[in-house]
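Below, read A as the first sequence line, B as the second, and so on, with proteins coming before strands; counting in each chain starts at 1.
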Amino acid sequence: MAKKIIPFFVLTLGLIALTFLIKKPYCANSISCKESFNLKIENGATGVFDGQKITAPSVDLAKKEPATKVLGEATATGQKHIYVNLTTQTLTAYQGNTLFMTALVSTGKWHPTPTGDFKIWEKIRATRMTGGEGADFYDLPNVPYVMFFGGSGVPDGDGFSLHGAYWHDNFGHPMSHGCVNMRIVDAEKLYDWADPPTNGNTTLSSTGSPGTEITIYGQAPL
Amino acid sequence: MGKHHYKLLILIFVLILAFGLLFMKLSAKPQKIDSSPPPMPVAEAQAPDLTSVGSPDGEATLTMKKEKVQDGTMYTFFTTDSVTGNQNIVFTETVSSGDTLSIPANTFSPDDKYIFLKEENLGQTDFFVITKSGALDISRPFATKYPNLKLTDVTGWGGMALLVVNTNKADGTLGPSFWFEVPGGGFIQLADRFN
């Protein structure tokens, strides 16, 4: 009996060890690399960042204030393009030659933000993001206004995105695990403007409705 | 000398005096008569100097009002709730000339519970946090606790109540970063430098 059990036991242990030894591909914002691509609202949930417990702000999907149009309707035409300058930790968004917005951002500190040309492939109103290890572990529910991007050899599934950040206010300085953190008000403004046009709480780009192009360049001050 | 002579002398004296007075009056500079009303001590009609920074969640705005006063400049900081419009004065200080206060870009803590401000005076830069209990100084306690380091900047909030403090070493090279913990007021040295 023992002769049959021991090899089975050793094989099971070996398989478990192998699972831990195989290095998982880097995923910017999810342990599973699947979880954060879906809408996830967890009002009242607590998260962790930098070893600190954080209560995530509530997300009310029913509440959407109409955008204030003090200067009337937008008249800019042309291609939309988002630029992220890692050196200055700033974001600028243009439609054609018209500047739409400029904002301070926080890019990768614990893992670099990739450089190159990308496209938004999914927009999610809010989701949970988890990742990092040890002291850098983070688990953040209700991350708002998420715009996932891919391109330049970075697969969509790597989970890099532009999104709002409620757990810090140190914009203009690297503070992320690879994503582009924005003030919530700035992320909302960009989310409402960027393509694909928002349709519900999860919007996927398609051939007929491509995502806005993003160019990320420069060197973060690390 | 007869009685008539005395009368004549007095008359001549009175006439000389009268002419003299008349001459003095005529030779005096004519004074302008200002018909406008006298100046009133009214306050200078000058729009107050306002600077505002919004919170990252868009729920509040911090405004700095700067006004010249007799002894220098009076700074008033007030928050405005973006939903109700309610205003609340959170800090007021009058400083002498050469001393300036300002609102850093990342002034609001992520939950809008605290704000931090910057004060510059003759090349000396100080930072302090405003809490419900009052102002909490950062620069002086740091200088006392770490005399070999120079606090160079407070960039923003690394957490709900943790300010990012950057330093230089005495030789001018980059020093470590610290958390400044509010409201306890302690410093925590970090392994990573926050640039």
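- Residue A:Asn97 places its CG atom among 12 or fewer non-hydrogen atoms of other residues, nucleotides or ligands, all under 6.0 Å distant.
- At least one side-chain heavy atom of B:Trp179 sits less than 4.5 Å from a side-chain heavy atom of A:Asp50.
- Annotation: side chain of B:Asn106 is in contact with side chain of A:Phe171 (closest heavy-atom distance under 4.5 Å).
- For a residue to count as touching a neighbouring chain, one of its non-hydrogen atoms must lie under 4.5 Å from one of that chain's; by this rule B:Leu163 does not touch chain A.
- In this structure, the separation between NE2 on A:His173 and CG on B:Asp153 is 6.5 Å, given to the nearest 0.5 Å.
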message = As a quick check of understanding, evaluate side-chain contact (heavy atoms from CB on, under 4.5 Å) for A:Lys109 and B:Asp192, giving each step before the final call.
response = CA-CA 10 Å; A:Lys109 172 169 180 55; B:Asp192 289 328; 3.8 Å; yes
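- In this structure, A:Ile54 and B:Met160 have side chains that are in contact, with non-hydrogen atoms separated by less than 4.5 Å.
- B:Gly156 and A:Asn170 get closest at one heavy-atom pair: N-OD1, 3.2 Å.
- Here the straight-line distance linking atom CD of A:Glu188 with atom CG of B:Asp57 works out to 11.0 Å at 0.5 Å rounding.
- Checking A:Asn181, A:Asp169, A:Ile184, A:Asp186 one by one against B:Pro56, the side chain to side chain contact (heavy atoms under 4.5 Å, CB included) holds for a single residue, A:Asp169.
- Here the side chains of A:Gln52 and B:Leu162 are in contact, with some heavy-atom distance below 4.5 Å.
- Without hydrogens or angle criteria, A:His168 side chain to B:Gly159 main chain gives no donor-acceptor distance under 3.5 Å.
- A 6.0 Å sphere centred on CG of B:Asn88 holds more than 12 heavy atoms belonging to other residues, nucleotides or ligands.
- Annotation: B:Arg140, atom CZ; neighbour count of heavy atoms from other residues, nucleotides and ligands within 6.0 Å does not exceed 12.
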